[in-house]
2 protein chains.
Amino acid sequence: MAGGAALPPKENHAETFARLRDAHAREVTEDYVEMIADLIVEEGEARAVSLAERFGVTPATVNNTIKRLERDGFVSSRPYRSIFLTDAGQTLADKCRDRHKIVYDFLIALGLDAQIAEFDAEGIEHHVSAETLDVFRAFTKSSKGEI
Amino acid sequence: MAGGAALPPKENHAETFARLRDAHAREVTEDYVEMIADLIVEEGEARAVSLAERFGVTPATVNNTIKRLERDGFVSSRPYRSIFLTDAGQTLADKCRDRHKIVYDFLIALGLDAQIAEFDAEGIEHHVSAETLDVFRAFTKSSKGEI
DNA sequence: ATTAAAAGTTAGCCGATGCTAAATTGATTT
DNA sequence: AAATCAATTTAGCATCGGCTAACTTTTAAT
């Protein structure tokens, strides 16, 4: 009963990597809307200069990226003004914030320190399926109850 | 004594994202050397056509990527021949295989099914710190002992 | 009100990673 | 041996996400 199990282990390589590439394509967008939402909460508005500083990129790069996000309907902006999330952008930001927190809390529940949990969560959050997120959440919850 | 804790929670955004971008830059390289090593084990050699099929990209893309890997010292190849790992490539492949297995086993230990564990591991493996890997490994081990 | 500083924008560049289409080489079949 | 078929390579293109340098606009100070 061990041999082939439920799922053929070979076949689906290509699909795995296709989904991986899709995830990558969304990462910058997700990081930006998440950060813009944070900045609006923390500083009252999202300025390009703050995004540049937080991401560690140049203002020109931020400008570039914001244009893509605008094209894709996640943010709105007017020249020399601060940046706003559209409804779609806000929805995405909310989803990302939740997901980020689930991953972060899970890593903390595993015993990792805040610095490492924060850094790893930033990388991991874009690559967890809904199923894995559920398991993470349940684990964190149960580990809290078990004290 | 609680306020600032050991690590200021704000400041280091930029460094986090810089490290994230570094990790991204390594992902394709790591996936390729890992896959080349797998192919050599499974099929006796690594052909471009197999890489193309497994990654779900065109042969032209594989060719491109192999040239970069060659430039960076991870593989060697001669025209119309199969692809070999250099020592550096083999070392990296071994490291990646270990890491991949740790992440995969951890997800399985958490109760996820093989298909999802495999897919998520592929995304997560490039973004786990050494500390997190240690915790994953310890968790998997202890969960095996606890049956 | 002018000037200086800060913020934002534009133009032009580069590398990574993908593609298609066409040419080439290698392997197989007849 | 020739012809075919599969694999590989080349050329040319696109997008993303970075950069620098130069310029413009806005904001703040004097």
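Convention: sequence-line order gives letters A, B, ...; per-chain numbering from 1.
Going from atom CD1 of B:Ile66 over to atom P of D:dT9 covers 9 Å, rounded to whole Å. In this structure, the CZ atom of B:Phe17 is 19 Å from the C1' atom of D:dC19, given to the nearest Å. Rounding to whole angstrom units, CD1 of residue A:Ile83 and C1' of C:dG8 are separated by 10 Å. Atom CG of A:Asn64 and atom P of C:dA7 are 20 Å apart (whole Å). Spacing between atom CD of B:Glu45 and atom P of D:dA6 amounts to 17 Å, rounded to whole angstrom units. Rounded to a whole Å, the CD atom of A:Glu27 is 13 Å from the P atom of C:dT17. Distance B:Leu51 CG to D:dA7 P: 13 Å, rounded to the nearest Å. Atom CG of B:Asp31 and atom P of C:dT17 are 10 Å apart (whole Å).
The hydrophobic cluster containing A:Phe139 does not contain B:Ile108, counting ILVMFWY residues as joined when their side-chain heavy atoms lie under 4.5 angstrom apart, directly or transitively.
Toward the 5' end of DNA chain C, the nearer of the two residues B:Thr61 and B:Arg71, judged by each one's closest nucleotide, is B:Arg71. Annotation: of the two residues near DNA chain D, A:Pro79 and A:Tyr32, the 5′-most nearest-nucleotide partner is A:Tyr32. Taking for each of A:Thr58 and A:Asp72 the nucleotide of DNA chain D with the nearest heavy atom, the 5'-most of the two is the partner of A:Asp72.
Taking the charged nitrogens against the carboxylate oxygens, A:Glu122 and B:Arg19 have no contact shorter than 4.0 Å, which rules out a salt bridge. In summary, A:Glu125 and A:Lys95 do not engage in a salt bridge, as defined by a charged side-chain N under 4.0 Å from a carboxylate O. At a threshold of 4.0 Å, the pair A:Asp38-A:Arg97 counts as salt-bridged, since one of the basic side-chain nitrogens sits closer than that to a carboxylate oxygen.
Phosphate contact (OP1/OP2 of C:dA16, side-chain N/O of B:Lys67, threshold under 4.0 Å): absent. Put simply, A:Asn63 has a side-chain N or O that comes within less than 4.0 Å of OP1 or OP2 on C:dT9. Between C:dG8 and A:Arg81, no contact under 4.0 Å exists linking OP1 or OP2 to a side-chain N or O.
Checked against a 6.0 Å centroid threshold, the rings of B:His127 and B:His24 count as neighbours.
Comparing D:dT8, C:dG18, D:dA21 by their nearest atom to the side chain of A:Ala60 picks out D:dA21. Of the listed nucleotides (C:dT25, C:dA7, D:dG18), C:dA7 has the atom at the smallest distance from the side chain of A:Val49. In the set C:dA7, D:dC19, C:dC19, C:dA7 carries the atom at the smallest distance from any side-chain atom of A:Arg47.
Nucleic acid contact for B:Arg68: base, since at least one base atom lies under 4.0 Å from a heavy atom of the residue. Here A:Val28 lies in heavy-atom contact (under 4.0 Å) with sugar-phosphate atoms only.
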